[in-house]
Amino acid sequence: MKWYHIKFIVRGIKQKKFNSIIKILGIMLALVPAMLIGSFVKHESSYDKQLPGSEKIYRVIRNWQEAPKYGVSVPVPLLPAMCNEFPEIKTGTRLYAFYDMEVSTDNRIYREDVMLAADSSFFNTFNLDLLAGNKNTVLSNTNSVVISKSYAEKLFGSEDPLGREIKFIGNGVSNNTLLFRVGGVFKDFPSTSHLHGNVIFPLKAFGIYNQTNQTNHLLTVYLQLKSPDDKKSVEQKFPKFMESFYGKDYYDYARTNYLLQPVSDIHLNTTVNYIEYETPKGSYANLYIFPALALLIILIASFNFVNLTVSEGVSKNKAFGINKISGAGRFYFYAVYILESLLLNAIALIISLLLLRIISPEFKTFVNRDIDLSFLASPYWIGGALIFMVLIGLINGIYPAILYSTKSSIGYLKDKANSLVRQTNIQRFFQVSQFAICIFFIAGSIVVFKQLNYIHTTINRTLDKDNVLIIKNADKLGNNRSVFKSELKKMGGVSDVSLCDEIPGIAFYSHWGQPVDSAAFNAHVAVYNCDEDYLSTLRMQLVKGRFFDPEIPTDNRGIILNETAVKTLGWEADPIGKRYRFNDTFQVVGVVKDIYFNSFHREMLPQGFLLTHSGDRFLVKFTSGQTLESIQDVQDLWSEFVPEHEMHYSFLDDEFDFWYQSERKTGQLAIILAAIAIFLSGLGLLALVLQSINSRIKEIGIRKVNGAKVFEIIRLINSTTVLWVLIAFVLITPVSWWVLNKWLQGFFYHTTVSWWIFGVAGLVTLIIALFTVSFQSWRAATRNPVEALRYE
């Protein structure tokens, strides 16, 4: 290929500025989402794989009575019993987490969202080394504590943290303030670890360490096996081991199946209950859904590229014919089209990388992940990106090259019409594919929005979570809680106040119980300890009976169940007065509607409410519009009671939002990708319409001279568009229905895929297509025919 041919390519790009911009914009709009999604998938799939020997590390999980849900809390004595029973276990550790706690040092108090307590084998189980201290002994000492590097810098600056004092300010687990000395410093947990926290206490420093109750599930257990192959043999031995561990309670009470969950599976597995010391969960589905959507956008951009390139070839017929006569062979055509494609792709790649630098911080915030994008500068990634771009360039350039290289010289100079027919067939194939993908994206967006709306409205039907302030450290008030509550109720802007231990969406105590007046087997009940104002504060809906009454002294042995608990126990006909036994026997006094507080991927739990007046949390319901004004008043009141402690608070709607964050982000990202796909489809269609109209200018002029009306010309140009959209609709509808139903099946509670969704998707696609085509058709039809025929 000579320099002249390269000049010919560059000149062609300049002459077709609009088409060239569309090609570059299309590839760019496909590349940027693809690179961002690629970085997201890489981040999500790398969780806990940075641990040395991660393939041998497992978490013990359980499902109760073969229920379709898995829990992670196990009895305290389980790990020692397992280590004695299974020679396959190399080591193991137990974890207990403290939430919203305080530590103090040098007369300064620091609040931590999560603090961990672990066995002395913690660092050996996870194969972690300390930056300072002895990892084998640091948690053996009940007065020693290990902190992260960043936390050491926060507390002590550049000073040596070893030996410095830290006070643990007590809570319900340990009411006494405990004194520890820093015995070690560990490297901060990476962003790709399911664990987070800056403080690790020795588990044996707390009374929970000495618990022997086999039916009280309080801790999580991690094991390191001697070999990954041992997992299967350990799980096969679990049933027999559980019979001996639980004894007579196994069949009459426990009947729990245990499994080993690979540590690398924790972040992505949505069937296992989330526990608060974990970083926000991901989903295996996202690893497939988002790359598939990005691939569809790349296909649309490639279809646009090929369509436009084939259309441009019509105007190059004479130039190609002359080159053929001059001796140009097939290699010339391959070189022209592939080089042009590679050049445009290279421009798109450079712009995409610049754009990626700008929007990547916003993307990290959007997906709530600390994604490390430094890999984009690695030689491996750059090489892979270049190879990918070359492949796209070859794919986009090779078909037009094949199409035009097989045509004879005479065909270029004389048979323009036939070449146009050949182009139209392949162009229409690509265009139908674009329409089909567009319909799929629109239908998918509607289904995602419908499911998110279903979740939102379902939650709002069960309780009122708006304008509810949560005071998380009410235990700091000590015996003044009732007085503090009375003062809160007197405030203007406060409509209700409740003292409680557990709050939907934040915490509940999962407890085994046994119905006294039912043939049903034992039920696992999520227990909420609350006072008599809980119902009115959350605006919960009472179905039967009544809520707790302070005037009835027997209510301290009363229980209120939700609808799922009543159904599980077979008490639908008349639950009032039925008895249920935990440690004591409680009598049902009321039934409330189910409260949806967990992910909709999981089944609703049976819920029970018990009366307490010594909770550790306050719920403060503000009058609408009075929230911001009233928060300061509450803080001022708090300072009067406990000036030495900062009030820790949040809002109930924000806490609830956590459970549906993944679904909402998935929906928003899917809608953004759908908008990109629809925009690219419309842009490609616009360029094709302009190219088609330009090639028929003289035909339109002749028809107008012969009396054709504007409407008739518009109908002529638009007639095939409806046909292609209809074909795309027929082809994609069954596929879309299957894919969307498959996605909804991942939710235990979900909406339905209605027939009208596809009707709307097809209609919107048709409107977009007709609007794009009709506007250009109208311009061509209203043009003065003399302009088109003046040179004939």
Side-chain angles (χ1 to χ4, degrees), residues 56-67 69-98 116-126 139-140 173 194-195 200-226 230-263 265-266 269 271-278 509-513 522 524-525 582-583:
K56 296 185 291 185
I57 303 173
Y58 298 88
R59 182 170 67 177
V60 178
I61 61 174
R62 60 183 176 81
N63 70 329
W64 187 68
Q65 296 183 14
E66 302 177 357
K69 53 183 177 288
Y70 298 88
V72 299
S73 298
V74 298
V76 174
L78 180 70
L79 178 62
M82 291 182 67
C83 290
N84 289 332
E85 181 70 22
F86 299 103
E88 296 91 342
I89 297 176
K90 182 177 181 180
T91 185
T93 189
R94 295 169 292 186
L95 282 187
Y96 184 84
F98 301 95
L116 303 175
D119 285 314
S120 59
S121 53
F122 175 84
F123 293 102
N124 285 321
T125 301
F126 288 102
L139 292 177
S140 299
V173 175
H194 79 282
L195 295 172
I200 304 176
F201 294 104
L203 184 63
K204 62 169 59 177
F206 303 95
I208 194 174
Y209 181 83
N210 300 313
Q211 285 270 356
T212 58
N213 191 327
Q214 295 170 323
T215 60
N216 201 0
H217 295 73
L218 299 172
L219 306 174
T220 51
V221 166
Y222 293 83
L223 304 175
Q224 184 185 141
L225 303 183
K226 295 177 181 177
D230 292 332
K231 174 181 181 291
K232 187 175 180 180
S233 63
V234 170
E235 289 181 333
Q236 288 175 343
K237 297 176 184 177
F238 268 152
K240 186 175 180 179
F241 167 74
M242 291 306 156
E243 289 185 41
S244 61
F245 177 75
Y246 283 106
K248 65 182 180 61
D249 288 333
Y250 184 69
Y251 289 103
D252 297 334
Y253 192 65
R255 214 176 78 196
T256 299
N257 297 322
Y258 280 79
L259 298 168
L260 297 182
Q261 180 187 21
V263 69
D265 177 71
I266 293 174
N269 194 327
T271 64
V272 179
N273 286 341
Y274 172 84
I275 193 163
E276 288 176 85
Y277 67 69
E278 296 179 35
Y509 179 54
S510 184
H511 201 297
W512 270 338
N522 310 322
H524 218 172
V525 177
F582 294 116
N583 295 327

N-O pairing of Lys237 and Glu88 below 4.0 Å: yes

Results of salt bridge (Lys or Arg N to Asp or Glu O under 4.0 Å) for Lys231 - residues two or more places apart only: Glu235

Parallel, tilted or perpendicular, as decided by the 30° and 60° cut-offs, for the rings of Phe98 and Phe201: perpendicular

Minimum-distance pair of heavy atoms, taken over all atoms of Pro77 and Thr212: CG-O, 3.8 Å

Plane angle bin for Phe238 and Phe86 - parallel if under 30°, tilted between 30 and 60°, otherwise perpendicular: perpendicular

Closest approach of Tyr209 to Val76 (non-hydrogen atoms, all atoms of both residues): O-CG1, 3.8 Å

Side chain to side chain contact (heavy atoms under 4.5 Å, CB included) evaluation trace for His194 with Val263: CA-CA 9 Å; His194 79 282; Val263 69; 3.9 Å; yes

Least distance between heavy atoms, Leu139 atom then Asp119 atom: CD1-O, 3.4 Å

Closest non-hydrogen atom pair between Asp230 and Ser233, with its separation: O-OG, 2.9 Å

Where Ser73 and Leu218 come nearest, the two heavy atoms and their spacing: CB-N, 4.4 Å

Minimum side-chain heavy-atom gap Ile89-Leu225 below 4.5 Å: yes

Nearest non-hydrogen partners of Pro75 and Tyr246, listed with the distance: CG-OH, 3.9 Å

